[in-house]
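Scroll down for the structure; my scribbles are underneath it.
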Amino acid sequence: MTGDHPAPQGDTDDTLDDKFDDEDYPAYSMGRAAEMLDVTPAFLRSLDANGLIVPQRSAGGHRRYSRYQLRLAQRARDLVDQGTALESACRIIILEDQLAEAQRINAQLRRERPPR
């Protein structure tokens, strides 16, 4: 699913640069994410409730968002701002993401297929 990218593994050998480059690293708190997107924390919680993004949790239970998740949230906000219902916006984005992944897999399989 869209918000369910594999969780980054907590390898002690990871460098700080690796974390900065990892679009799935949960670097942003809910407050910071909401501020960056100019949305309310409730909007971010609603994206979680609708299955678009599932933030990781800190040891204290606080939601943490990755850059990838923030891009999805921004897309949802754009659709909502254009008049799309939140639930519909989430479903559209999920389907777009699934289509893109299917197309990526299809292209990879075509490259790997032996010539006839």
Side-chain angles (χ1 to χ4, degrees):
M1 181 181 292
T2 303
D4 292 335
H5 274 232
Q9 298 301 312
D11 187 359
T12 56
D13 293 334
D14 285 344
T15 65
L16 190 55
D17 287 340
D18 291 339
K19 291 177 182 176
F20 282 130
D21 292 337
D22 183 356
E23 73 171 10
D24 292 319
Y25 183 73
Y28 303 97
S29 67
M30 176 180 275
R32 180 67 179 130
E35 177 184 318
M36 290 170 66
L37 297 170
D38 196 24
V39 299
T40 64
F43 179 81
L44 293 173
R45 285 191 295 273
S46 69
L47 298 179
D48 186 2
N50 281 284
L52 179 61
I53 55 176
V54 179
Q56 292 188 37
R57 299 287 182 142
S58 68
H62 299 281
R63 290 175 174 88
R64 304 290 298 181
Y65 296 90
S66 68
R67 288 191 326 235
Y68 175 78
Q69 290 172 326
L70 294 184
R71 282 196 303 277
L72 294 176
Q74 181 62 53
R75 176 80 175 115
R77 180 186 175 200
D78 291 345
L79 287 171
V80 168
D81 286 351
Q82 294 170 12
T84 306
L86 179 68
E87 292 167 349
S88 298
C90 291
R91 188 67 183 141
I92 289 167
I93 296 166
I94 289 167
L95 290 171
E96 287 174 342
D97 194 57
Q98 289 172 343
L99 176 60
E101 178 66 8
Q103 289 172 331
R104 185 196 64 75
I105 291 168
N106 191 0
Q108 179 182 349
L109 291 173
R110 286 177 190 233
R111 285 190 303 273
E112 294 172 357
R113 182 177 55 188
R116 293 182 178 195

- [ ] Looking only at non-hydrogen atoms, find the nearest pair between Gln69 and Val54 and report the distance.
- [x] NE2-O, 3.0 Å

- [ ] Give the minimum heavy-atom separation between Tyr65 and Ala33, together with the two atoms involved.
- [x] CD1-CB, 3.9 Å

- [ ] Report yes if the side chains of Arg63 and Asp48 come closer than 4.5 Å at any heavy-atom pair, otherwise no.
- [x] yes

Task: Any donor-acceptor pair under 3.5 Å from Arg77 side chain to Leu37 backbone - done: yes

- [ ] Of all the heavy-atom pairs spanning Ile94 and Gly51, show the shortest one and how long it is.
- [x] CD1-O, 3.7 Å

- [ ] To the nearest 0.5 angstrom, please state how far the CZ atom of Arg111 sits from the CG atom of Asn106.
- [x] 10.0 Å

Open item on the list: Nearest 0.5 Å, please: how far is CG in Leu72 from CG in Asp97?
Closed with: 6.5 Å

Task: Which atom of Pro41 lies closest to which atom of Met30, heavy atoms considered - done: CB-SD, 3.4 Å

Open item on the list: Distance alone, cut at 3.5 Å: any donor-acceptor contact between the side chains of Gln82 and Asp78?
Closed with: no

Open item on the list: Less than 4.5 Å apart, side chain to side chain, heavy atoms only: is that true for Tyr68 and Ile53?
Closed with: no

Task: Glu112 side-chain N/O to Leu109 backbone N/O, donor-acceptor pair under 3.5 Å - done: no

Task: Test item: Asn50 side-chain N/O and Ser46 main-chain N/O as donor-acceptor pair under 3.5 Å - done: yes

Task: Expected output: side-chain Thr84 to main-chain Ser88 donor-acceptor under 3.5 Å - done: no

Open item on the list: So, using salt bridge (Lys or Arg N to Asp or Glu O under 4.0 Å) as the criterion, who are the partners of Arg71 when residues are at least two apart?
Closed with: Glu23

Task: Heavy-atom closest pair, residues Leu44 and Ala34 - done: CD1-N, 3.7 Å

TODO: Determine the minimum heavy-atom distance between Arg64 and Ser58, stating which atoms define it.
DONE: CG-N, 4.0 Å

TODO: Mark yes when over 12 heavy atoms from residues, nucleotides or ligands other than Glu87 sit less than 6.0 Å from its CD; otherwise mark no.
DONE: no

Task: Interatomic spacing from OH in Tyr28 to CZ in Arg67 - rounded to 0.5 Å - done: 6.0 Å

Open item on the list: Is there a side-chain contact between Arg32 and Glu35 in this structure, where contact means two heavy atoms from C-beta onward sitting under 4.5 Å apart?
Closed with: yes

